[in-house]
Amino acid sequence: MQKLKEIELPITKEEIVRLRAGDEVLLSGIVFTARDQAHKRLCECIEANKPLPININNSVIYYCGPTPHKKGKPIGSCGPTTAKRMDEFTPVLLSRGLSAMIGKGSRSKEVISAIKKYKSVYFIAPAGAGAYLAKKVKEAKIAAYPKLGPEAIYRLKVKDFPAIVGIDSKGRNIYEN
Amino acid sequence: MRRIKAKEIENKVCEAALKANFELRKDVLRSLGIARNKETVPIAGKMLDILIENAKIAKKEKLAICQDTGMVVVFCRIGSKAQIIGDINEAINNGIKTAYKRGFLRKSVVRDPLKRTNANTNTPCVIHYDIISGNKIKIAVMPKGFGSENSGAVKLFNPTATEAQIKEFIISKVKEAGSSACPPVVLGIGIGGTLDKAASLAKEALLRQIGSRNPKKHIALLEKEILYALNKTGIGPMGLGGKTTCLAVNILEYPTHIAGLPVCVNISCHALRSAEVII
């Protein structure tokens, strides 16, 4: 078993280019959740030249719609959702400085090209292990689109969140190994 | 006739929905353990360990096994000698509403498939009714996640199609789904009937215990062959490689028309969740 790389977020470009598909990492810091409807809205904002409700520059987006939190707990079950549904929106967000994404499953050719172009990275998190991952989230606050309920953008503070590099900045893809 | 109050049905449905979301089915957990012992690829073993650990945490903390707590599918079998006092549709949906509120489960159902406003209740559920003999009501509650649901398919084969073609179709769907369906998957397959019948059989097949076989020998053989072939694909847990791609293949079949051969494959992720109550 290889040693886990510990990464503090925001991740720097230098750290990103050192990562290789298949590397196991532990992420600590801030990530924003966003899934289908939030992506659609963010891209509509960009298209209409309106300010975004969150700063995506140097940020990490986690494709996740958590279950509601119980009293005294920051979050409920919170595993990754299928990343490919976000593929059509991802290149635009990467062009605006998004540095990394966390999700599950493979990505389109267009997304892989954009990851290479903007020196970004796509992590995968253990899918269907939402209760396990809940332990890694220390704080959660709604950051945008509260009306979307589980699809709102949450600002999460994570500690030692386990992930694997799915697609690295050279375009190497774990699913094609 | 035995009289059963709708309120009793509502309470039992609520209990079943909570149990299904917090406690991974014993047969599923057992099969994950068996797969773990057989797995030789390190990353695959590690993922299976996480899934087993996840199930323990979920049960202990009454936390959803997966954040996608699904759209709920209910199989309701009503004994012909049971008389329901009240509205059973309302009772089942109210039971689900209460469970999803009380259990802090995610509300994933939108009111309209095109307008897409969240109903905030996770209802309505999809209910399949059937009449059986006796005076009891048997209700199975299955929260169905959509990562795997989106990976399913129906194909209306020609009646002259071979078993090999059916196998190939099913295997290709699991390969296409890859990591998106959250492998190791469980397959529910419906063969025969009409388009809709094949689809509902495929869903119902997911209720069957892992490790059980279709009583018809030739269908049981088909199940075994598909399972074997899928575990040779190397997709593995989370699509990261390994021997464990599929935990079980459950087929239900039904007579069909001379002109057709409908086949539906409904994929479940490793978090195959359901709970049954008898009233």
Side-chain angles (χ1 to χ4, degrees), chain A residues 1-2 4 21-24 33 35-37 40 62-71 73 75-85 87 103-107 124-137 147-152 162-166 173-177, chain B residues 21-22 24 42-43 45-69 100-101 103-108 110 116-120 122 145-148 150-151 177-184 235 237-241 269-273:
Chain A
M1 195 74 63
Q2 56 181 311
L4 301 182
D23 283 353
E24 293 180 45
T33 68
R35 42 178 295 150
D36 308 68
Q37 298 301 331
K40 196 175 168 191
Y62 177 28
Y63 305 137
C64 173
T67 60
H69 68 97
K70 290 182 188 172
K71 221 176 170 181
K73 301 272 181 190
I75 201 163
S77 193
C78 57
T81 194
T82 306
K84 69 178 177 194
R85 294 195 315 272
D87 281 354
K104 69 160 163 117
S106 55
R107 310 299 306 258
I124 51 177
Y132 175 85
L133 291 175
K135 300 272 188 196
K136 315 293 177 189
V137 177
K147 281 190 183 150
L148 290 178
E151 292 206 80
I164 300 168
V165 177
N173 185 350
I174 196 171
Y175 296 113
E176 281 171 11
N177 284 346
Chain B
N21 274 296
F22 299 148
L24 193 59
I43 189 76
K46 192 169 176 182
M47 288 303 139
L48 292 171
D49 282 339
I50 289 178
L51 298 183
I52 293 164
E53 172 73 12
N54 182 67
K56 277 186 199 156
I57 295 172
K59 186 177 177 183
K60 185 170 161 240
E61 301 200 4
K62 296 197 183 303
L63 197 56
I65 295 163
C66 175
Q67 75 288 340
D68 185 354
T69 50
Y100 275 67
K101 191 168 179 217
F104 295 89
L105 302 173
R106 198 177 80 186
K107 287 80 179 168
S108 308
V110 294
R116 308 205 70 85
T117 311
N118 199 310
N120 289 323
N122 216 51
F146 257 56
S148 56
N150 281 339
S151 308
S179 51
S180 302
C182 287
I235 295 171
M238 274 185 71
L240 298 174
C269 55
H270 55 75
L272 169 55
R273 289 154 287 175

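To find a chain, count down the sequence lines: A is the first, B the second, and so on, and within it residues start at 1. Worth saying up front: this structure is predicted, and the values here are computed from it rather than measured.
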*asked:* Counting only non-hydrogen atoms closer than 4.5 Å, does Q37(A) touch chain B with its backbone (N, CA, C, O), its side chain (CB onward), both, or neither?
replied: side chain

_SB check E24(A) K46(B) (cutoff 4.0 Å)_ = yes

_Taking every non-hydrogen pair under 4.5 Å, which of G103(A), G76(A), C78(A) racks up the most with chain B?_
C78(A)

*Return the minimal non-hydrogen interatomic distance between G239(B) and Y175(A), and the atom names on each side.*
O-CD2, 3.4 Å

*Within a strict 4.5 Å, meaning less than it, do heavy atoms of the N150(B) and T82(A) side chains meet?*
no

_Please rank G130(A), A131(A), G105(A) by heavy-atom pairs under 4.5 Å with chain B and give me the top one._
A131(A)

_Any residue meeting ring pair (Phe, Tyr, Trp, His ring centres under 6.0 Å) with Y132(A), in chain and number order, not counting sequence neighbours_ = none

_Which atoms of K56(B) are under 4.5 Å from chain A, going by heavy atoms: the side chain, the backbone, both sets, or neither?_
neither

_Proximity breakdown for K70(A) and chain B, heavy-atom pairs closer than 4.5 Å_ = both

*With a 4.0 Å cut-off, would you call E61(B) and K135(A) a salt bridge?*
yes

*asked:* Taking S180(B)'s backbone N and O only, do any of them form a donor-acceptor pair with K104(A)'s side chain (distance below 3.5 Å, no angle check)?
replied: yes

*H69(A) side chain to F104(B) main-chain N or O, any donor-acceptor pair under 3.5 Å?*
no

*Any idea which of A129(A), P162(A), S106(A) has the most non-hydrogen atom pairs under 4.5 angstrom with chain B?*
A129(A)

_Between T67(A) and L105(B) (side chain of the first, backbone of the second, donor and acceptor by atom type, cut-off under 3.5 Å), is there such a pair?_
no

